[in-house]
Amino acid sequence: MGAQTHKTFCRFCHANCAMEVDVEDGKVLAVRGDPADPAYHGYTCMKGRELPDSHNAEHRLHHSLVRDENGEFQETPMPQALEHVASELRRIIDEHGPHSVAVFMGSGGFQNSAAMAASLSFAQAVGTRNFYTSVTLDQPAKVFTTMRYGKWMGGPNTFSESDVAMFIGNNPIVSHYAPVGGVPPFSPSRRIRDRQAEGMKLIVADPRESDVARLADLYLPVKPGEDPALLAGMLNVIIEEGLYDRNFVSAHVDGFDELAAAVKVMTPEIAAERAGVDKDKLVAAARMFAGGSKGCAVTGTGPEMAGNGTLTEYLVTCLNTICARFKQEGEKAAIPGVFTTPQGPRRAQVAPPMPMFGAEGMPKSRFRDLGHLGWEMPCNVLADEILTPGEGQVRAFISVGGNPVVGFPDQAKMVRALDDLELFVQIDPWMSASAKRADVVLAPSQCLEREDITNLSEWWHEEPYARYVEAVATPPGDVIDEYEMFWTLAKHLGITMQLAGGPLPMDRKPTKEEFLDLMVAGCLVPPSQVRKDAQANGGAAVVYSDKHPDVEPLEESEFHRFDLAVGDMPREILRYADNPAQREGFDFKLISRRSKTRFNSIGHPLKKLQEKTTTNPAYIHPDDIVDLGLEEGGIVEISSPHATIHGVVKASDKVRRGLVSMAHAYGDADASKEDVRERGSSTNRLTSEVVDYDPITGQSLQSAIPVKLVAA
């Protein structure tokens with residue numbers, strides 16, 4: 001028949017770039033960006049262009065693996081492997097109760113449009129409180145805490161209409177990520193430069209001169225972990241100079257006076273000194289941001305991982321709120337979301353409060369007074385939930401597309417926890433660091449071998465953009481979709497999985513289309529209809545412009561206001577101001593960074609990406625390299641108060657002095673000085689979830705880690 005070309009989209013990361021794929025006899029030959037797509041215009045990144053290697057790699061798992069009585073892995077047919085897992089789950093639940101089962105959704109699992117709903121639905125059907133996702137590893141504050149101050153129903157200003165934008169620790173050119181209001185990750189560099197040509201001003205705050213910082217109109221090299229000083233100082237200027245939107249604040253905001261009183265202590269002089277930036281540039285940034293009519297301040301994962309995550313996100317919320325950076329009545333609502341389950345009408349007002357943590361009846365962990373954030377438990381407590389005996393101890397753990405060995409804080413402790421389980425199931429196409437320690441490894445199909453919708457990426461689409469793509473490649477061996485795995489386990493256990501649209505049929509396996517329709521019931525256009533429309537459009541995207549909601553007038557009977565003084569805020573600003581972080585003897589700080597060849601822990605097994613990045617370099621300022629007696633390309637020993645790792649020294653004058661910059665989610669548990677050049681080290685080994693953590697989200701300090709450096 002020869003090669004055939006199909007329209008599809010990439011599922012290496014959250015960006016879901018539009019692609020064309022060549023397939024012959026069910027095998028993926030090549031992929032490239034789709035130049036005809038109205039949102040992506042042919043853009044892809046180097047990671048996504050390795051999908052053929054991901055699908056065809058010799059070391060990809062084609063069969064599931066189950067350990068035998070001697071501890072050796074044996075290839076096992078999928079039905080038999082799932083039956084074994086279900087039998088073990090039933091034994092453990094009967095002996096220890098439903099909370100003895102834990103489920104984790106990692107970055108890889110999110111790339112399947114059905115896996116998040118399937119894994120959460122399964123956990124809820126089991127009756128366990130122990131559901132976890134990678135969100136609480138890197139950005140829980142922006143997801144679960146900012147909503148308590150108020151959410152504007154019309155949505156924030158979008159990037160395409162912004163005349164000013166501020167990125168705080170966000171490098172979307174490499175990470176392909178930004179919160180709503182930031183640059184969509186579809187050719188982000190080009191989008192930024194196009195908007196700047198039209199007059200938009202860009203402010204970037206980052207401890208290192210990142211890729212996006214080099215495009216900034218104003219760059220602020222803030223010290224790691226001191227973002228609150230910078231933001232509070234900017235708020236001080238905006239309030240003192242009367243640059244905020246007085247009418248909006250009067251009409252919609254409570255707690256303004258308390259905020260103003262708290263930031264008064266952070267004068268430009270004090271804030272600039274603590275943040276490590278020039279005072280005049282801090283003042284200029286405040287005036288530049290407040291002087292725009294539209295545009296948002298947004299953060300990446302770095303500021304949250306660097307400590308004070310909840311305070312940082314609160315201050316960003318304050319900045320956007322008092323400057324009224326929201327869609328107003330009569331405008332097109334922000335981010336229409338074709339597949340997003342309705343959250344209520346789009347109005348020019350604040351939504352009713354929605355408790356996301358700490359409310360009566362929300363499940364609690366046994367540790368550190370932490371509890372559910374929305375529907376999930378913070379990853380910070382998982383190791384202790386496994387290791388500590390008592391009622392509710394986790395004995396069975398299912399990891400979906402994650403890599404807990406290299407992704408969780410305190411690597412050594414997490415390894416002990418995984419080894420302590422009675423049943424550890426890893427869903428993974430590779431023998432990852434975590435899969436090597438599992439009792440069962442279930443081999444999933446990969447993205448071009450399954451149907452999917454663009455529900456994951458639609459929070460960046462400013463138009464009602466939607467896709468439903470078909471499976472275009474033949475799955476090798478004995479692999480299946482993750483949703484099928486969870487449905488089969490539920491059937492064996494005799495439990496019923498519930499989705500937004502009702503229960504799944506348990507007498508027969510639902511099709512992917514049926515699952516997706518139930519999953520997003522009530523959305524703008526159901527997946528089954530998008531599928532028909534996409535097929536009629538040659539498999540390409542469909543833009544439902546006629547269904548884009550407008551921002552409606554406010555409804556007086558349901559009137560609510562932002563509350564900037566709820567909880568511990570803004571008193572937390574004063575506590576922060578009185579307690580500069582110091583750690584005796586650990587004079588450097590290790591900050592996280594993104595890698596162009598990796599997405600969290602995904603990408604390490606792919607040959608061409610391995611060739612581009614063979615290790616996890618330790619980027620250090622050239623002057624620090626000289627002062628420390630290090631050598632370019634030599635090995636540096638990096639020690640925190642908790643542990644030691646090694647890195648290959650790489651000079652970079654883009655990094656502030658006093659810092660070492662490395663990517664997270666690298667290396668295996670046994671990575672060492674001897675093989676650091678080939679495997680890289682995991683910075684998570686340096687952290688502890690019981691010492692430095694956010695008291696609300698539980699997020700561990702994973703950036704701005706106090707360290708000392710010596711030649712190895």
Side-chain angles (χ1 to χ4, degrees), residues 141-142 144-158 162 164 166 168 179-181 228 230-266 285-299 310-331 333-334 343-356 551-574 576:
K142 66 170 57 70
F144 296 113
T145 68
T146 54
M147 191 175 292
R148 68 174 173 168
Y149 314 118
K151 179 181 180 182
W152 191 253
M153 296 170 72
N157 295 154
T158 51
S162 297
V164 64
M166 183 172 184
I168 304 139
V180 175
L230 172 67
L231 295 166
M234 290 178 63
L235 285 163
N236 176 292
V237 173
I238 291 169
I239 293 172
E240 288 293 321
E241 296 186 3
L243 303 178
Y244 60 95
D245 191 318
R246 293 174 179 269
N247 292 333
F248 185 85
V249 169
S250 176
H252 297 286
V253 181
D254 288 333
F256 176 80
D257 291 340
E258 292 90 333
L259 171 67
V263 300
K264 190 175 282 288
V265 301
M266 277 294 181
R287 292 171 178 168
M288 182 181 287
F289 184 81
S293 61
K294 291 180 181 294
C296 295
V298 299
T299 64
T310 297
L311 177 59
T312 298
E313 294 300 335
Y314 164 75
L315 291 168
V316 170
T317 296
C318 292
L319 198 59
N320 289 324
T321 299
I322 70 171
C323 292
R325 297 307 165 81
F326 305 108
K327 292 283 193 174
Q328 300 300 325
E329 179 182 342
E331 295 183 305
Q343 301 294 317
R346 307 294 185 95
R347 295 183 182 140
Q349 66 187 89
V350 179
M354 181 184 299
M356 297 295 284
V551 180
E552 303 170 15
L554 67 82
E555 175 55 60
E556 292 284 359
S557 64
E558 299 179 14
F559 187 74
H560 301 275
R561 293 169 65 88
F562 288 102
D563 186 354
L564 301 183
V566 71
D568 290 333
M569 306 300 179
R571 291 186 300 274
E572 188 64 28
I573 300 171
L574 302 176
Y576 165 82

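Note that the coordinates shown come from a computational prediction; the quantities given were computed from them, not determined experimentally.
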Over all heavy atoms of both residues, which pair between [X] and [Y] is shortest? Give the atoms and the distance, please.
{"X": "L319", "Y": "A297", "result": "CD2-CB, 3.9 Å"}
{"X": "A348", "Y": "V551", "result": "N-CG1, 3.5 Å"}
{"X": "S162", "Y": "G295", "result": "OG-CA, 3.2 Å"}
{"X": "A351", "Y": "H560", "result": "O-CB, 3.9 Å"}
{"X": "S293", "Y": "N157", "result": "O-OD1, 4.4 Å"}
{"X": "M266", "Y": "A232", "result": "CG-CB, 3.7 Å"}

(message) Which residues pass the side-chain hydrogen bond (donor to acceptor under 3.5 Å, both in side chains) test with E555, not counting sequence neighbours?
(response)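 Only S557 meet the side-chain hydrogen bond (donor to acceptor under 3.5 Å, both in side chains) criterion with E555.
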(request) Please identify each residue that fulfils side-chain hydrogen bond (donor to acceptor under 3.5 Å, both in side chains) with T158, with sequence neighbours left out. (result)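 side-chain hydrogen bond (donor to acceptor under 3.5 Å, both in side chains) list for T158, sorted by chain: E161.
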(request) Would you sort out whether I322 and L235 count as a side chain to side chain contact (heavy atoms under 4.5 Å, CB included), showing the intermediate values? (result) CA-CA 9 Å; I322 70 171; L235 285 163; 3.6 Å; yes
(message) Checking E313 against F144 for the side chain to side chain contact (heavy atoms under 4.5 Å, CB included) test, could you report, in this order, the C-alpha distance in whole Å, the side-chain angles of both residues, the deciding distance, and whether it holds?
(response) CA-CA 10 Å; E313 294 300 335; F144 296 113; over 6 Å; no
Going by the rule salt bridge (Lys or Arg N to Asp or Glu O under 4.0 Å), which residues pair with [X] if we only count those two or more places apart in sequence or in a different chain?
{"X": "E241", "answer": "R287"}
{"X": "R347", "answer": "E558"}
{"X": "E240", "answer": "K264"}

Restricting to side-chain contact (heavy atoms from CB on, under 4.5 Å), what partner residues turn up for [X], sequence neighbours left out?
{"X": "R246", "result": "Y244"}
{"X": "P156", "result": "V180, C296, A334"}
{"X": "A285", "result": "I203, L218, L220, M234"}
{"X": "P355", "result": "A359"}

(message) Set out, in order, the CA-CA distance, both residues' side-chain angles and the distance that settles side chain to side chain contact (heavy atoms under 4.5 Å, CB included) for F256 and I239, then state yes or no.
(response) CA-CA 10 Å; F256 176 80; I239 293 172; 4.0 Å; yes
(message) Quick test of your reading: applying side chain to side chain donor-acceptor pair (under 3.5 Å), list the pairs with at least one residue in residues 248-260, sequence neighbours left out, ordered by first then second residue.
(response)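 Those involving residues 248-260 are D254-R561.
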(request) Name all pairs fulfilling the side chain to side chain donor-acceptor pair (under 3.5 Å) condition that reach into residues 315-325, sequence neighbours left out, sorted by first residue then second. (result)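 Output for this query is empty, none listed.
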(request) Using the side chain to side chain contact (heavy atoms under 4.5 Å, CB included) rule, take L259 and Y314 through it: C-alpha gap first, then chi angles, then the decisive distance, then the call. (result) CA-CA 11 Å; L259 171 67; Y314 164 75; 3.8 Å; yes
Only pairs under 3.5 Å count here: list side-chain donor-acceptor contacts from residues 145-155, not counting sequence neighbours, and write none if there are none.
from : atom 1 : to   : atom 2 : distance (Å)
T145 : OG1    : A141 : O      : 2.6
T146 : OG1    : K142 : O      : 3.1
W152 : NE1    : K327 : O      : 2.7

(message) Nearest 0.5 angstrom please: L564 CG to L315 CG, how far?
(response)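 One finds 10.0 Å between CG of L564 and CG of L315.
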(request) Starting at CZ of F562, measure out to CD of Q349 and round the result to the nearest 0.5 Å. (result)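 These two atoms lie 10.5 Å from each other.
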(message) Do I168 and L230 make a side-chain contact, defined as non-hydrogen atoms from C-beta onward lying under 4.5 Å apart?
(response)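 SC-SC contact between I168 and L230 ruled out.
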